[in-house]
Enquirer: 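Have a look at the structure that comes next, please.
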Amino acid sequence: MSDQESPRSGAARVGQVKDITSLSNPIIKDIRALSMKKHRDETGTFLAEGLKLVIDAIDLGWSIRTLIYAKTQRGKPQVEKIAALTVARGGLVLEVSEKVLTAITRRDNPQGVIAVFDQKLSPLGSISPAKDETWIALDRVRDPGNLGTIIRTADAAGASGVILIGETVDPFSMETVRATMGSMFAVPLVRASETEFLSWSKKSSALVVGSHLKGSVDYRTIGYKGQPVVLLMGNEQQGLPDTLANACGKLARIPQTGRADSLNLAIATGVMLFEARRHLLALGEPGE
């Protein structure tokens, strides 16, 4: 992309490429501020890092607000294609120094491409689980790595989405987004209060299966087939509160024989999710 095709001087505006090397640039300051939840909430945006992740987002219909790439990436066909598409759609493209890129990502050796996207959260009332759909509901999940891993696992297993109940960790933090490995853009996210979830679950036709250390049902014996299912997982430290546990159609437990008395939240969710969808999952032929 030449300077004639994409101006690199003057004030930045949409549909333009701008060359930036200074950390004091106001545009860079705003982007760096996205590391803070307050600024993400105020702008309704978030950062995603990595060329593959950005390409996946575009393929899934997401639009880039601002594309940032390192000078070393100039001329690479995929980067040039994304930059041209961003400009054509009215987005801003920034070509920056390695120093600026490192400051934005807050880590050494950052990936060469970063993008700013609009957040997407659906209201719980818009969700009507259908036959053989599986949703994951998480009560006050605290760890960004756990949330990101669960979103990635939901994508892999073909779950329909993840419902975030109560005061959860921010799904749009860079730590969470990194942990999703791009699945952030493929899995619908829903936000709800505990009260909203309890009201919705009463009206929903879905079977709510709660994971609970006091559960009396082996998770493998539940009939998941032929109905919508919501897997309800508790907080990392406290598990499910009684208010949510009492709303479950089944309280399940994963049998264990070792010394550990519990599993990591992301692991437990993955174990239950793949069992709930086992009747829908099959290996394809080699190469498929």
Side-chain angles (χ1 to χ4, degrees), residues 37 40-41 43-46 48 56-57 60-63 117-177 179-211 224 227-236 239-241 243-245 247-250 265-266 268-270 272-274 276-277 280:
K37 184 178 185 300
R40 291 194 297 272
D41 289 345
T43 61
T45 61
F46 69 101
D56 287 347
L60 289 165
W62 290 63
S63 294
F117 293 94
D118 287 320
Q119 298 180 11
K120 290 184 183 181
L121 281 170
S122 301
L124 186 58
S126 67
I127 306 303
S128 299
K131 175 183 174 182
D132 280 331
E133 282 192 356
T134 313
W135 286 78
I136 301 168
L138 302 173
D139 174 48
R140 296 166 298 140
V141 59
R142 297 295 192 212
D143 185 87
N146 276 341
L147 178 54
T149 300
I150 289 169
I151 292 171
R152 183 182 179 187
T153 305
D155 185 13
S160 296
V162 175
I163 301 168
L164 304 174
I165 303 172
E167 293 298 317
T168 69
V169 66
D170 186 5
F172 301 107
S173 71
M174 286 197 76
E175 295 84 357
T176 302
V177 175
T180 71
M181 298 292 286
S183 293
M184 181 81 189
F185 300 101
V187 177
L189 299 179
V190 177
R191 176 85 77 185
S193 67
E194 181 180 303
T195 302
E196 288 170 337
F197 180 80
L198 290 171
S199 175
W200 175 83
S201 64
K202 287 179 182 178
K203 300 173 185 175
S204 171
S205 61
L207 170 65
V208 180
V209 178
S211 174
Y224 301 100
Q227 61 183 324
V229 173
V230 176
L231 297 178
L232 177 57
M233 310 298 293
N235 172 273
E236 289 98 335
L240 283 179
T243 47
L244 288 173
C248 295
K250 300 279 187 182
L265 175 62
T269 303
M272 291 188 62
L273 177 60
F274 273 87
R277 296 192 59 76
L280 298 167

Enquirer: Quick one: salt bridge (charged side-chain N to carboxylate O under 4.0 Å, His left out) partners of K120, sequence neighbours excluded?
Expert: none
Enquirer: Using salt bridge (charged side-chain N to carboxylate O under 4.0 Å, His left out) as the criterion, list what pairs up with D56, not counting sequence neighbours.
Expert: K52
Enquirer: Go through the structure and list residues passing side chain to side chain contact (heavy atoms under 4.5 Å, CB included) with P129, not counting sequence neighbours.
Expert: I127, E133, W135, W200, S204, A206, P228
Enquirer: Of all the heavy-atom pairs spanning P241 and D139, show the shortest one and how long it is.
Expert: CD-OD2, 3.2 Å
Enquirer: List the steps, then state whether side chain to side chain contact (heavy atoms under 4.5 Å, CB included) holds for L147 with L164.
Expert: CA-CA 10 Å; L147 178 54; L164 304 174; 3.8 Å; yes
Enquirer: Closest heavy-atom contact between V208 and A247?
Expert: CB-O, 4.3 Å
Enquirer: Holding to side chain to side chain contact (heavy atoms under 4.5 Å, CB included), I want the full list of residues that pass it with S122, two or more places apart in sequence or in another chain.
Expert: S126, V190
Enquirer: Do any N or O atoms from the side chain of S199 and from the backbone of E196 form a donor-acceptor pair under 3.5 angstrom?
Expert: no
Enquirer: Using atom types as modelled and distance alone, determine if a side-chain donor or acceptor of N235 lies under 3.5 Å from a backbone N or O of R140.
Expert: yes
Enquirer: Could you work out, with side chain to side chain donor-acceptor pair (under 3.5 Å) as the rule, every residue matching Q119, not counting sequence neighbours?
Expert: none
Enquirer: Hey, what do you get for CG (L231) to OG (S211), rounding to the nearest 0.5 Å?
Expert: 9.0 Å
Enquirer: How long is the straight-line distance from OH of Y224 back to CE of M272, given to the nearest 0.5 Å?
Expert: 4.5 Å
Enquirer: Mind checking the CD1-CD1 spacing from I136 to I163? Nearest 0.5 Å is all I need.
Expert: 9.5 Å
Enquirer: Are the side chain of E194 and the backbone N or O of L244 linked by a donor-acceptor pair below 3.5 Å?
Expert: no
Enquirer: Measure the acute angle between the ring planes of W62 and F185, then classify it against the limits of 30° and 60° as parallel, tilted or perpendicular.
Expert: perpendicular
Enquirer: Strictly distance-based, threshold 3.5 Å: is any side-chain N or O of R142 a donor or acceptor partner for the main-chain N or O of E167?
Expert: yes
Enquirer: Output all residues satisfying side chain to side chain donor-acceptor pair (under 3.5 Å) with T134, sequence neighbours left out; order by chain, then residue number.
Expert: R277
Enquirer: Does the side chain of F197 reach to within under 4.5 Å of the side chain of L232, using non-hydrogen atoms?
Expert: yes
Enquirer: Kindly indicate, with the supporting measurements, whether the criterion side chain to side chain contact (heavy atoms under 4.5 Å, CB included) is fulfilled by I151 and L189.
Expert: CA-CA 9 Å; I151 292 171; L189 299 179; 3.9 Å; yes
Enquirer: With sequence neighbours excluded, tell me which residues meet salt bridge (charged side-chain N to carboxylate O under 4.0 Å, His left out) with R40.
Expert: D170
Enquirer: Within the 4.5 Å heavy-atom criterion, are L265 and I150 side-chain neighbours or not?
Expert: yes
Enquirer: Roughly how far apart are L198 CG and T243 OG1, rounded to 0.5 Å?
Expert: 6.0 Å
Enquirer: Could you list the residues that satisfy side chain to side chain contact (heavy atoms under 4.5 Å, CB included) with Q227, not counting sequence neighbours?
Expert: L207, V229
Enquirer: Taking side chain to side chain donor-acceptor pair (under 3.5 Å) as the definition, give me every residue that meets it alongside R191, ordered by chain and number, with sequence neighbours left out.
Expert: T168
Enquirer: Of the non-hydrogen atoms in A159 and L273, which two are nearest, and what is the gap between them?
Expert: CB-CD1, 4.1 Å
Enquirer: If you measure from CD on E236 to CG on D143, what distance do you get to the nearest 0.5 Å?
Expert: 5.5 Å
Enquirer: Could you pull out all residues at least two apart from T176 that satisfy side chain to side chain donor-acceptor pair (under 3.5 Å)?
Expert: S173
Enquirer: Where is the tightest heavy-atom contact between C248 and V209, given as atom of each residue plus distance?
Expert: SG-C, 4.5 Å
Enquirer: Which heavy atom of G161 sits nearest a heavy atom of V187, and at what distance?
Expert: CA-CG1, 3.8 Å
Enquirer: Who pairs with T45 by side chain to side chain contact (heavy atoms under 4.5 Å, CB included), at least two apart in sequence or on another chain?
Expert: L34, T43, R65, V116, D118
Enquirer: Name all pairs fulfilling the side-chain hydrogen bond (donor to acceptor under 3.5 Å, both in side chains) condition that reach into residues 148-158, sequence neighbours left out, sorted by first residue then second.
Expert: D155-S183
